[in-house]
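Structure record follows, encoded as structure tokens.
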Amino acid sequence: MALSDTQQRIMPRREDREHSHCQVLAYPEAVLLTNPINPKLKGEVDDKYQYSIESKDNKLHGWIADHDAVGFWIITPSDEFRTGGPHKQDLTSHVGPTALSMFVSNHYTGKDIAEFYKEGVAWKKAFGPVLIYLNSATFDHAHRYRKSLWKDAKKRLSKEIKSWPYSFAASKDYPHAGHRGEVSGQLQVRDKYLHKQLMKAKSAFVGLAAPGRAGSWQTEGKGYQFWTQTDRAGHFSIKNVRRGKYNLYAWVHGFIGNYKLDRNVSVHPGHKKNLGTLIYDPPRSGPTLWEIGIPDRTAAEFFIPDPNPTFVNSILNHEGEKFRQYGLWDRYSDTYPHHDLVFKVGASNYSRDWFFAHVPRRTGNDTKATTWKIKFKLQEVKKSGKYTLQMALAAANFAEVQVRINTPDGSPHFTTNRIGYDNAVARHGIHGLYRLYSINVPGKGLRGGNNTIFLTQTRCKDEFMAVMYDYIRLEGPAV
């Protein structure tokens with residue numbers, strides 16, 4: 001099976017997932033191979049969710065048959081028809097040998113994604129085209145022909161991307177290149193607490209999707225979406241857009257929140273529309289007093305533990321895919337056997353001291369709620385001032401985060417209430433749906449000197465009720 005340059009290997013057989021050959025783990029999709037047909041795979045975990053990929057990267061995957069030196073590939077040159085935006089994760093190839101082209105699913109989003117259909121309400125959508133590509137090579141040393149087939153498949157993908165949108169499709173619901181439009185512009189960021197001048201939104205994701213609120217593209221499941229990334233100066237050009245009425249959305253690496261242009265964008269066949277310079281004002285109430293993490297919508301920068309040696313998948317043995325190993329949620333209880341996480345601002349390091357997922361604690365066969373502490377010092381406090389805690393979540397699954405200031409008990413200062421269905425922890429995703437909470441913290445609740453913020457994830461019916469934090473920042477009163 002081949003998913004990328006680094007994710008390739010001989011895979012188990014379908015029979016290896018039968019009860020006589022494996023042990024089912026915490027959920028049916030994950031098994032430990034106890035008696036595989038290929039003895040080299042004994043002791044490995046197999047789980048189809050370990051091979052998930054974001055839509056923006058899910059363009060080529062498939063299989064190579066060793067005995068025939070034949071490759072079988074799913075090639076998807078455009079993700080305009082997929083749901084949930086460029087970061088929506090979904091299944092690819094897995095044991096079978098199975099190769100999937102996923103059009104619609106609620107993986108990593110849950111029922112929050114809008115795929116509801118009502119009687120009497122017309123709806124239609126053209127999916128694809130998707131190319132099923134077979135290639136072959138002269139049979140010689142296994143490593144050489146596998147490399148040759150993979151290289152050829154990547155070359156074919158490049159050809160298909162250049163050919164998109166295809167000219168052969170006859171359906172009136174699939175417009176050719178001459179019947180599509182283009183939208184361009186420049187995105188800049190205004191944050192006076194970071195820089196007096198406008199900042200160029202380099203490598204920002206900018207897209208057109210169905211009209212809605214800021215960030216609604218994450219849960220949009222019926223329309224088409226068109227995305228690109230800005231250059232170093234924040235310039236963008238979204239090409240080959242279908243006719244229609246859209247909102248323009250964006251998010252910028254290093255800044256919290258979601259951008260949305262305050263007017264609709266109408267796209268017409270053959271028309272190029274330049275929106276000029278657009279300004280994003282990310283949520284901000286005052287200067288940064290301290291921060292934890294990087295605003296990138298994932299928990300990838302936090303501490304990701306080594307997997308339990310009993311539950312390893314060797315296809316994920318490189319650092320970039322470490323978070324996809326099975327059972328990492330259990331490593332929290334191993335890492336903090338006697339007390340919950342304590343993070344000391346100015347002394348702790350988030351890549352070492354902030355666990356990637358706020359999960360329940362395992363105690364024997366039970367799980368219980370966990371409370372994380374953020375300890376920090378303030379030289380002085382304006383008692384009449386308004387402080388703000390910016391709390392961005394990268395994922396949530398049947399969870400609730402309660403925030404308390406300088407007191408571990410009693411009614412919470414703030415609660416998210418129960419949120420999320422994305423199941424990102426169990427499905428080995430480093431993020432699900434992005435959420436941002438701007439929490440008002442009155443100065444009278446803070447102290448000059450030592451302070452503690454208590455974050456309690458209260459839901460603990462099972463080990464997968466959890467949140468992943470993206471970024472946390474305490475802001476002082478406005479200047």
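At least one test fails for R82 against the ring of F226: distance under 6.0 Å to the centre or angle within 45° of the axis.
For the pair T230 and A201, the tightest heavy-atom approach, listed with the atom from each and the gap, is OG1-O, 2.5 Å. Residues V267 and G181 share a closest heavy-atom pair of CG1-CA, 3.8 Å. Of all heavy-atom pairs between P211 and N247, the closest is CA-OD1, 3.1 Å. Considering every non-hydrogen atom in both A424 and A395, the closest pair reads CB-CB, 4.0 Å.
For R9, the side chain to side chain contact (heavy atoms under 4.5 Å, CB included) partners are M11, P12, L41, E44, Y51, N313, S314, I315, not counting sequence neighbours. For R190, the salt bridge (Lys or Arg N to Asp or Glu O under 4.0 Å) partners at least two apart in sequence or on another chain are D281. Residues satisfying the side chain to side chain contact (heavy atoms under 4.5 Å, CB included) test with K239, not counting sequence neighbours, are E182, S237.
For CZ of R352, the number of neighbouring non-hydrogen atoms (other residues, nucleotides, ligands) closer than 6.0 Å is greater than 12. Crowding of K202 atom NZ: a count of heavy atoms from other residues, nucleotides or ligands under 6.0 Å not exceeding 12. A 6.0 Å sphere centred on NZ of K386 holds no more than 12 heavy atoms belonging to other residues, nucleotides or ligands. When the shell of 6.0 Å around CZ of R156 is examined, it contains more than 12 heavy atoms from other residues, nucleotides or ligands. Other residues, nucleotides and ligands place more than 12 heavy atoms under 6.0 Å from the NZ atom of K125.
Using a 4.0 Å cut-off between a side-chain N of Lys or Arg and a carboxylate O of Asp or Glu, E475 and R473 qualify as a salt bridge. A salt bridge does not link K88 to E220: none of the charged nitrogens lies less than 4.0 Å from a carboxylate oxygen. In summary, D5 and K154 engage in a salt bridge, as defined by a charged side-chain N under 4.0 Å from a carboxylate O. With salt bridges taken as basic N to acidic carboxylate O contacts below 4.0 Å, none links K56 and D79. Here R435 pairs with D112 in a salt bridge; the nearest charged N to carboxylate O distance falls below 4.0 Å.
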Derivation and outcome, side chain to side chain donor-acceptor pair (under 3.5 Å), residues H107 and D90: CA-CA 6 Å; H107 295 144; D90 226 317; 2.8 Å; yes

Intermediate values then yes/no, side chain to side chain donor-acceptor pair (under 3.5 Å), Y108 and S52: CA-CA 10 Å; Y108 303 94; S52 295; 2.9 Å; yes

Chi angles and distances behind the side chain to side chain donor-acceptor pair (under 3.5 Å) call for E54, H431: CA-CA 10 Å; E54 290 187 352; H431 69 87; 2.7 Å; yes

Derivation and outcome, side chain to side chain donor-acceptor pair (under 3.5 Å), residues N397 and R427: CA-CA 11 Å; N397 187 60; R427 288 175 172 160; over 6 Å; no

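Ring centers of F303 and W354: at least 6.0 Å apart, outside the cut-off. Taking the six-membered ring wherever Trp is involved, the centroid distance between the rings of F398 and Y421 falls below 6.0 Å. Aromatic rings from Y246 and W217 are positioned such that their centres are separated by 6.0 Å or more. Taking the ring centroids of F464 and W329, they lie under the 6.0 Å cut-off. Taking the six-membered ring wherever Trp is involved, the centroid distance between the rings of Y49 and H94 does not fall below 6.0 Å. Residues F81 and F103 bring their aromatic ring centres within 6.0 Å.
Looking at R213 and T219, their side chains come closer than 4.5 Å, going by heavy atoms from C-beta outward. Side-chain contact check for M465 versus K461: some heavy-atom pair is nearer than 4.5 Å.
Here CD of E29 is found 11.0 Å from CG of L25. Values are rounded to the nearest 0.5 Å. For the atom pair OG of S203 and CZ of F236, the computed distance is 14.5 Å after rounding to the nearest 0.5 Å. To the nearest 0.5 Å, the span separating CD1 on I113 from CG on D422 amounts to 11.5 Å. Interatomic distance, CG of L208 versus CG of L248, reported as 5.5 Å (0.5 Å rounding). Of the inter-residue distances, the one linking I304 atom CD1 with F323 atom CZ reads 7.0 Å to the nearest 0.5 angstrom. Note that CD of Q229 is 12.0 Å distant from CD1 of I238, once rounded to the nearest 0.5 Å.
Side chains of S438 and Q390: a donor-acceptor N/O pair is present below 3.5 angstrom, by distance only. Side-chain atoms of Y249 and S216 form a donor-acceptor pair, as typed in the model, at a separation below 3.5 Å. At a cut-off of 3.5 Å, with distance as the only test, a side-chain donor of W73 or N135 sits close to an acceptor on the other residue.
Relative orientation of the H428 and Y27 rings is tilted, given thresholds of 30° and 60° on the angle between their planes. Using cut-offs of 30° and 60° on the angle between ring planes, the pair H253 and W251 is tilted. In this pair, Y469 and W372 present their aromatic rings tilted. The plane angle is within the 30 to 60° band.
The only option from R459, Q457, R418 that meets the side-chain hydrogen bond (donor to acceptor under 3.5 Å, both in side chains) definition with E400 turns out to be R459. The residue from K124, R242, R243 that alone fulfils the salt bridge (charged side-chain N to carboxylate O under 4.0 Å, His left out) condition with D173 is K124.
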